[in-house]
Amino acid sequence: MSTRAGFPADFAWGTATAAYQVEGAAAEGGRTPSIWDTFARVPGAIADGTTGDVADEHYRRFIEDADLMASLGVNSYRFSISWTRLLPNGGDTVSQEGLAFYRALASALLERGIRPYATLYHWDLPQELEDAGGWLVRDTADAFAGYARIAARELGDLVTDWITLNEPWCSAFLGYASGVHAPGRRTGSKASHAAHHLLLGHGKAVAAIREERPEASVGITLNLYSIRPASESEADVDAARRIDGLQNRLFLEPVLAGEYPVDVLDDLGERAWFEEQPASDALEIAAPIDFLGVNYYSRHTTAAGAADASGAASANPGSESVRFVDTGADRTQMGWEIHPDGLLDVLEQAHAYAPELPLYVTENGSAYADTVAPDGSVDDPGRTEYLRLHVDACAEALHRGLPLRGYFCWSLMDNWEWAFGLSRRFGLVYVDYETQKRTVKSSGEWLREFLTGAVEAV
Ligand code: IFM
C-alpha cells in the first residue's frame, strides 16, 4: 500500500512537457526555426503530417495551464526552453519577447506554489547550428554552453533547478542514426560522435550555469531502459549487453564514472575516434551534478538475431542484429511494454554509479487512444493503472533506500508527439486540438486524489 503520506513532505510531484510539443506560436516573438520545424515539413516524416506550429497553444494559454496544474495538486512542473525563442537563430542576442514568456511562465508557477524545473535542450537545435554540422561537430557543444549561460543569467532568479539535456540517446541515435527524429540524418556509428558532443555540451553547460548561478541545482535527464536477455544463451546475453551499453551505459558512465564503456565503443567501431578526443573532455563531461533525471517508460527483452532486412537505418549501429522480443506483456499504444518493476531496475543501475546522487523520475507515462464521452468526460483506465503502478514503484524505491526526490508524469496534457504528430496522447489532461479545450482525464483526477491523500496507489 502506498500513499502520499508515505513519501517525504518535500517530494517533487510534477508533470512535464517540452517546448516544441506544447508551445505553438512557432513564429512569434522572433522565434526562428529549430531542426524540428524543418523536419516536421519533410514529406512522410510525421505520421499524421502535422507540425508543432500550434500544438497546445501553451505560449498563449500558460496561465490556464498553470491553473490546471494547481488544480491537480502538483508542486512542480518540468518544462523546456525553446533555444530559438530565447536566442533567435541560435545567436547570442536575447529575444526580449521570448524571455518575457519564460519569466511570466516561471512567475505564474511560483505564484501557485509550483516549483519550475527548466530543461535547456529538449531536442530543438537551432537550424543554423544544424546547417553548420549539428551535434556531429564540437562547436555545437560550445554554442550550447553559451545558451545555457545566458538562460541561467536571465532566468536564474526564478528558476533554481536546471536540466541540461533531455534524453541525449534520442538526439544522437534517433536524430543521426535511424533518422526518425530531427535532423533525420543516417550516419550509422558516427551518431556516437553526436552523443559525445551532446555530453560535452552538458558538461560545459553545468560549468557555465554554476558560474552564473552558484546556487543552482543542475542535472541531466537520461532515458534508461530495463534490459534483460530473452534466454541465458551466450548470444542473447551479449545482445542485452549491447543494448544496455548503447542505451544506458554509453551515457551513465561518462557522466557518473568519468569514462566511456570500452565494450560499447568497440561495438560501435568508434574506439579510435573517441581516443582522439582531448583528454579533458572526460573531465568536463563528468562535471559534478546535483541530481540525475531518469525517464523511464518500458523494458526491452533482447535476443541475438539477423540484421533487419527492411533496409531501414538502425538506431543501434554496430548492433543491428539484436532482436527485440515480444514477451506477450501488455503494451501501451506506443507498443511499449508495461513493466513498472523496470523503474526500480534503472534507478538501481544509476544509483550504483553514484550512491549519494539524488534521483528524480523526470518522465514516466503512457499513450492510449482516449475518447471523449457524450457527457464530455474522458475515462482512461489504462493510463490510470500505469500511473498507479509506477507511483507504487517509486514508493518501493524509497523503501529500498534509493535517494529518489521526485516524480514527474509525462505529460501534463496531450501534445505533439514528435514523429507521431498529434496521433498519440500522453496527457493527464485531454486537449481538443480544434478548440484547445482542456479536460482533466480520470488519470488526472486519480493523481489529484492521490495527492490529497484520498486514494492509495496500490
Ligand atoms: O514525448 C516524449 C518526450 O518528449 C521525451 N520522452 C518520451 C516522451 C514520450 O515519447
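These figures come from a predicted structure and were not determined experimentally. Computed over heavy atoms, backbone and side chain alike; hydrogens, waters and symmetry mates excluded. Read the numbers this way: they start at 1 and go in the same order the structure lists the ligands and their atoms.
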Distance to the ring centre below 6.0 angstrom and angle to the axis at most 45 degrees; does that hold for Arg85 and Tyr59?
yes

Residue list, salt bridge (Lys or Arg N to Asp or Glu O under 4.0 Å) with Glu28, at least two apart or on another chain
Arg60

Classify the angle between the aromatic ring planes of Trp123 and Trp418 as parallel (below 30°), tilted (30 to 60°) or perpendicular (above 60°).
tilted

Output the set of protein residues with a heavy-atom contact under 4.0 Å to ligand 1, ordered first by chain identifier and then by residue number.
Gln21, His122, Trp123, Asn166, Glu167, Tyr297, Trp336, Glu363, Trp410, Glu417, Trp418, Phe426

Run the salt bridge (Lys or Arg N to Asp or Glu O under 4.0 Å) test against Arg112 and tell me which residues pass, sequence neighbours left out.
Asp67

Would you verify whether the NZ or CZ of Arg115 falls within 45 degrees of the ring axis of Tyr77 while also being under 6.0 Å from that six-membered ring's centre?
no

Residues that Asp124 engages under salt bridge (Lys or Arg N to Asp or Glu O under 4.0 Å), provided they are two or more places apart
none

